[in-house]
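To start, the structure under review is shown below, and the notes come after it.
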Amino acid sequence: MNRRQKITINGRERWGSFSSTQELVNLVQNECVRESAPVQSEILVADYLMNWFETYEKPRLDPNTAAGHISKINKHILPIIGEKRINDVTVSDVQKIMSTLNSASMGKQVKSIINLCFEAAIADEIYTHPNPAQDKRFVMPTAVRKRMPLKKDDMSLLIEFLPQLKAEYACLLVILIMTGCRRGEALAVRWEDIDWTKKTLHLQRVIRFRNNRPEISTKMKTKAANRNVPIWDCFIPYLGKPQESGFIINSDGEPLSERQYMNRWNAIQKELKKAGLEQRFTTHQLRHTYATIAANSGEIAPKVLQGMLGHANFQTTMNTYVSMDRDKMVESSQNLSAEYKLIMSGSCSA
């Protein structure tokens, strides 16, 4: 027969029903466990978000991408909702985050992080409402921030000035110009990566910096980033005297530290400014320039260009990296006009 009796657990009185001493013990144990666990409604966004990210997201991301996500979390998400209880977050709160962002791409990235976090919170039964990042009422930022490629005149000046640059400066520029690779990929290139018969360069590792020190990894940004790209005879002399092995871009045979790289890049910009190139540019702008020139040449199929750039997604190649050459657009329009005239002429004569 069940006995109903007032009992005290952790200083709190409550009524409990039990028919044996063992059931009473079980009741007390379960109550202690329940009260020692955090109350779900009290969990803060900052605590849950960072725990979720470190446990589930960070291990599957490229280190640079993971660092970028953490920066977005700390800069854009936590200042607005970090101290709120996670179950109290509303669509309006997420809209406040979106309203602070100044580009469509940033909005998309931040929204993706919030969406994944709340999907996990819903699965963990911590968030009891529909995912606030999936609401259709959102007003997303629309401004487009696009890295522009170098102008043709600037590229011509840069290439003409190569012979006047220090060998180590010209070497870095040439690898970026003729391969369109990422900075970390360029810094990780070794002599043994070159196939001199096929005139190709195997991009198969990357250098990332941690506390100024270079860290070499074979974990590329995407699977497609491990690729072979052509090298050009006119630029090969700028690589230096071929060696059997070792880093092509180096300091006393060792890969550059972040400080050494920045010093070298700033020196390159200073020398180019003396030559008449006023606007500073980044290594990534050279990548955009490579993609744009290749696409507008009409000689390289879009899917081939995707492979050369090491993109997993074709849309990334065409929407993000390729800028339309206005002269090429006018030329293409004129050619199309001529084709229509031929069609119309044929139709009229029929």
Taking every heavy atom of Phe161 against every heavy atom of Glu271, the minimum-distance pair comes out as CE2-O, 3.6 Å
| When you measure from the side chain of Tyr48 to the backbone N and O of Ile86, does any donor-acceptor pair fall under 3.5 Å? | no
Open item on the list: Determine whether Phe281 and Leu272 satisfy the following criterion, side-chain contact (heavy atoms from CB on, under 4.5 Å), listing intermediate values before the conclusion.
Closed with: CA-CA 10 Å; Phe281 59 91; Leu272 290 174; 3.6 Å; yes
query: Can you find a pair of side-chain heavy atoms, one from Val139 and one from Gln95, that are under 4.5 Å apart?
result: yes
query: Hey, are the side chains of Val94 and Asp135 touching, using non-hydrogen atoms and a 4.5 Å cut-off?
result: no
Interatomic distance, CZ@Arg264 vs CD@Glu168, rounded to 0.5 Å, equals 5.0 Å
Rounded to the nearest 0.5 angstrom, the CD1-CG distance for Ile43 and Asp88 is 12.0 Å
In this structure, CG of Leu173 is separated from CG of Leu286 (nearest 0.5 Å) by 6.5 Å
Is any side-chain heavy atom of Lys72 less than 4.5 Å from a side-chain heavy atom of Ile114?
no
**Item:** Backbone of Gln134 reached by a side-chain donor or acceptor of Asn115 within 3.5 Å
**Value:** no
Between Trp191 and Ser245, the two heavy atoms sitting closest are CD1-O, 3.7 Å
Classify the angle between the aromatic ring planes of His69 and Phe53 as parallel (below 30°), tilted (30 to 60°) or perpendicular (above 60°).
tilted
- Message: Could you walk me through whether Leu49 and Ile81 satisfy the side-chain contact (heavy atoms from CB on, under 4.5 Å) test, starting with their C-alpha distance in whole Å, then the side-chain angles of each, then the deciding distance to 0.1 Å, before giving a yes or no?
- Response: CA-CA 11 Å; Leu49 176 54; Ile81 62 172; over 6 Å; no
Q. Would one find more than 12 heavy atoms of other residues, nucleotides or ligands at under 6.0 Å from atom NZ of Lys75?
A. no
Ignoring hydrogens and geometry, is there a side-chain-to-backbone donor-acceptor pair from Gln285 to Thr282 under 3.5 Å?
yes
Item checked: Tyr127 and His129 aromatic ring geometry - parallel, tilted or perpendicular at 30°/60° bounds -> perpendicular
Between the CD1 atom in Ile113 and the NE2 atom in His76, the distance rounded to the nearest 0.5 Å is 9.0 Å
Q. Is it the case that one hydrophobic cluster holds both Phe247 and Trp196, taking links as side-chain heavy atoms less than 4.5 Å apart, direct or via other members?
A. yes
* Do Glu57 side-chain atoms and Trp52 backbone N/O form a donor-acceptor pair below 3.5 Å? -> no
Worksheet item: Can Asp153 and Lys151 be counted as an ion pair, charged N to O under 4.0 angstrom?
Response: no
Heavy atoms of Pro163 and Tyr238 approach each other most closely as CG-OH, 3.2 Å
Residues pairing under salt bridge (charged side-chain N to carboxylate O under 4.0 Å, His left out) where one sits in residues 45-54, two or more places apart or in two chains, turn out to be Glu54-Lys58
The reported gap from CG in Asn250 to CD in Gln260 (rounded to nearest 0.5 angstrom) is 9.5 Å
I'd like to know whether CD of Gln243 has more than 12 heavy-atom contacts from other residues, nucleotides or ligands below 6.0 angstrom.
yes
Minimal heavy-atom distance between Gly107 and Pro141, with the atoms involved, is CA-CG, 3.8 Å
Tightest non-hydrogen contact, residues Ala46 and Leu78, listed as CA-CD2, 3.8 Å
Shortest non-hydrogen pair, Ile80 vs Ile97, comes out as CD1-CA, 3.7 Å
Within a radius of less than 6.0 Å around OH of Tyr56, do more than 12 heavy atoms belonging to other residues, nucleotides or ligands occur? no
_Walk me through whether Leu239 and Ile194 qualify under side-chain contact (heavy atoms from CB on, under 4.5 Å)._
CA-CA 11 Å; Leu239 297 178; Ile194 297 179; 4.1 Å; yes
In Leu203, Ile249, Ile231, the residue satisfying side chain to side chain contact (heavy atoms under 4.5 Å, CB included) with Ile175 is Ile249
What verdict does the side-chain contact (heavy atoms from CB on, under 4.5 Å) test give for Lys108 and Lys111, after you've listed the backbone C-alpha separation in whole Å, the side-chain angles of each residue and the deciding distance to 0.1 Å? CA-CA 5 Å; Lys108 184 178 179 180; Lys111 182 182 175 183; 5.9 Å; no
| said: Any side-chain to backbone donor/acceptor pair from Arg287 onto Gly180? Under 3.5 Å, distance only. | reply: yes
Item to complete: Look at the aromatic rings of Tyr290 and Trp232 and report parallel, tilted or perpendicular, splitting at 30° and 60°.
Response: parallel
Would you tabulate the side-chain donor-acceptor contacts of residues 206-216 under 3.5 Å, counting partners in other chains and residues two or more places apart, or write 'none'?
{"residue": "Arg208", "atom": "NE", "partner": "Asp62", "partner atom": "OD1", "Å": "3.3"}
{"residue": "Arg208", "atom": "NH1", "partner": "Lys219", "partner atom": "O", "Å": "3.4"}
{"residue": "Arg208", "atom": "NH2", "partner": "Asp62", "partner atom": "OD1", "Å": "2.2"}
{"residue": "Arg208", "atom": "NH2", "partner": "Lys219", "partner atom": "O", "Å": "2.7"}
{"residue": "Arg210", "atom": "NE", "partner": "Glu215", "partner atom": "OE1", "Å": "3.4"}
{"residue": "Arg210", "atom": "NE", "partner": "Glu215", "partner atom": "OE2", "Å": "3.0"}
{"residue": "Asn212", "atom": "OD1", "partner": "Glu258", "partner atom": "N", "Å": "3.4"}
{"residue": "Asn212", "atom": "OD1", "partner": "Arg259", "partner atom": "N", "Å": "2.8"}

Problem set entry | Cluster check Met50, Ile122: I/L/V/M/F/W/Y, side chain < 4.5 angstrom | yes
Between the CE atom in Met262 and the CG atom in Leu256, the distance rounded to the nearest 0.5 Å is 12.0 Å
Exercise for review: Give a yes or no answer on whether the side chain of Ser71 reaches the backbone of Ala67 with a donor-acceptor pair at less than 3.5 Å.
Suggested key: no
* Hey, quick one: are Leu44 and Val89 part of the same hydrophobic cluster, counting side-chain heavy atoms closer than 4.5 Å, chains of contacts allowed? -> no
Here the salt bridge (charged side-chain N to carboxylate O under 4.0 Å, His left out) pairs for residues 183-197, sequence neighbours left out, are Arg182-Glu185, Glu185-Arg227, Arg190-Glu192, Asp193-Arg205
